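Working notes, beginning with the structure itself.
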Amino acid sequence: MKFTKTAAVLSAAALVVLGACTTPTSTTPSSAPAPSTSDGGSSAPAAGGDLKFTILPKNLGNPYFETSTKGAEAAAAELGVTTELVGPAEAAADAQVQYIETATQQKVAAIELSANDQTALCDSVKAAQAAGVKVVTFDSDAPGCRDLFINQATAEGIAKVLVEMAADQSGDAGEIAILSATANATNQNAWIELMKTELTASHPNIKLVEVAYGDDQDQKSFDETQALLQKYPDLKVIVAPTTVGIAAAARYISTSEAKGKVWVTGLGTPNDMRSYVEDGTVKEFALWNPEDLGYLTTYAAKALVDGTITGAEGDKFEAGKLGEYTVGADNTVLLGDPYKFNADNIGNFNF
Ligand code: RAM
């Protein structure tokens, strides 16, 4: 079942309305299978013909990016584009540079990038662009250099949902901690800054005691959770705005004495989090549909490569089953709104 359709059917009112600058006009789920299109070839792309896009997530083996890649590949199949998925095993700050350089040498038409670092990648991104490659970030931006950013939801909207859940689950008072991804992650850092602002402005009785980093590695996130519990015996909530971190934190707490006392919330996938909602470790968490994010990214990249859009504010393009989208300020396209998952609705989602 697709998120877009289900969310609309379930409860449109439950969605956080954030002043979207997109206009999805259709929510018909795609039945196109996600093909395996790995191709390490180095021939130049022919306009309108054998276009090649490189998909470069923060790291491989992360279920979130496996799902976004599925969407990106489904869109590529619809558009007749060949894709190659590449990326580092670990989400380190500059680990993506070599993949950008290789894609540039291969003269791919576009790179779809979730940036591990806001600035460390810009030299290689600029070299790619100089060689004629369009660079579209998704999920985590490199604002200083990319052609276009496909944003899953506004940073303000994500921070608001995260703080809302932390406040609900702590009784709006007491100690909370954040378990993030890497210390350089553009997306998590933007959300955390806005969370701090929101906490100070509207939740004076909540104390954020620490921001810990699990580096989007399962074991490190698990160990950091244990350390947080030892350091802060009065901790009430761990907010993990990363799918890897939230799942690892929930796994730790599900078999510890903290279960039922320390709540885990943040951003997770329903499939990763289902058992922890069912066993009472997790009350509520949020996300968007990563598959739609990947799908939209490929359509946007294709529109850029075709010259249908330049990435300027107001540019419009068709994104297959998702309908028409409009480029907003700062060369950004917004997918939609974050969505909260809990025991009442998680059974309706499968990603
Ligand atoms: C992890 C990554 C990704 C983030 C999600 C919520 O998979 O850090 O960048 O958007 O979590």
Side-chain angles (χ1 to χ4, degrees), residues 3 55-72 85 87-93 95-96 112-118 121 136-143 146 149-162 165 178-192 194-195 211-222 224 238-251 264-273 282 284-294 296-297 332 334-341 349 351:
F3 176 87
I55 302 171
L56 177 48
K58 282 180 170 177
N59 55 347
L60 299 183
N62 176 340
Y64 172 86
F65 290 116
E66 282 164 7
T67 307
S68 65
T69 299
K70 198 170 149 203
L85 172 66
E90 291 182 2
Q96 291 166 310
E112 301 180 10
L113 167 71
S114 173
N116 273 322
D117 189 288
Q118 176 149 350
L121 304 175
V136 180
T137 48
F138 69 100
D139 174 67
S140 184
D141 197 11
R146 57 26 181 192
F149 173 45
I150 313 303
N151 195 4
Q152 50 271 56
T154 63
E156 291 76 9
I158 294 170
K160 184 165 174 277
V161 165
L162 292 171
M165 293 188 299
I178 293 175
L179 173 63
S180 187
T182 57
N184 290 312
T186 317
N187 54 349
Q188 268 89 9
N189 285 345
W191 305 334
I192 291 167
L194 289 163
M195 282 178 73
V211 180
Y213 298 94
D215 291 352
D216 270 349
Q217 291 174 32
D218 175 70
Q219 188 59 46
K220 182 151 194 280
S221 306
F222 189 86
E224 290 291 334
I238 295 177
V239 186
T242 136
T243 57
V244 179
I246 191 176
R251 193 171 84 252
V264 176
T265 189
L267 302 173
T269 68
N271 287 352
D272 279 349
M273 301 307 293
V282 171
E284 194 166 57
F285 63 97
L287 199 69
W288 41 90
N289 185 342
E291 192 170 337
D292 284 350
L293 183 64
L296 177 59
T297 303
T332 294
L334 184 63
L335 174 68
D337 306 315
Y339 186 82
K340 287 184 191 169
F341 302 92
F349 299 96
F351 64 88

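Values below: all heavy atoms of this structure, side chains included; hydrogens, waters and symmetry mates excluded. Keep in mind that what you see is a predicted model, and the values were worked out from it rather than measured. Indexing begins at 1, ligand by ligand and atom by atom, following the structure's order.
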How long is the straight-line distance from [atom2] of [Y] back to [atom1] of [X], given to the nearest 0.5 Å?
X    : Y    : atom1 : atom2 : result
I150 : D141 : CD1   : CG    : 9.5 Å
E156 : K160 : CD    : NZ    : 11.5 Å
D139 : S68  : CG    : OG    : 7.0 Å

Of all the atoms in ligand 1, which lie at a distance below 4.0 Å from a heavy atom belonging to [X]?
X    : answer
W191 : 10 (O)
K58  : 2 (C), 3 (C), 8 (O), 9 (O)
N187 : 3 (C), 4 (C), 9 (O), 10 (O)

Counting only nitrogen or oxygen atoms and a 3.5 angstrom limit, does N62 reach ligand 1?
yes

Would one find an N or O of S114, backbone or side chain, under 3.5 Å from an N or O of ligand 1?
no

So do the side chains of K58 and N187 get within less than 4.5 Å of each other, counting heavy atoms only?
yes

Got Y64 and F351 here, is their nearest side-chain heavy-atom distance under 4.5 Å?
no

Specify the protein heavy atom at minimum distance from atom 1 (C) of ligand 1: its residue, its atom name, and the distance to 0.1 Å.
T243 OG1, 3.3 Å

Got the closest protein heavy atom to atom 4 (C) of ligand 1, with its distance?
D139 OD1, 3.5 Å

Which one holds for W288 and ligand 1: side chain close, backbone close, both close, or neither close, with close meaning a heavy atom under 4.0 Å?
side chain

Side chain, backbone, both or neither: which applies to D216 and ligand 1 if a contact is any heavy-atom pair less than 4.0 Å apart?
side chain

Over 60° means perpendicular and under 30° means parallel, so tell me whether F341 and F285 are parallel, tilted or perpendicular.
parallel

S221 and V244: which non-hydrogen atoms are nearest, and at how many Å?
OG-CG1, 4.3 Å

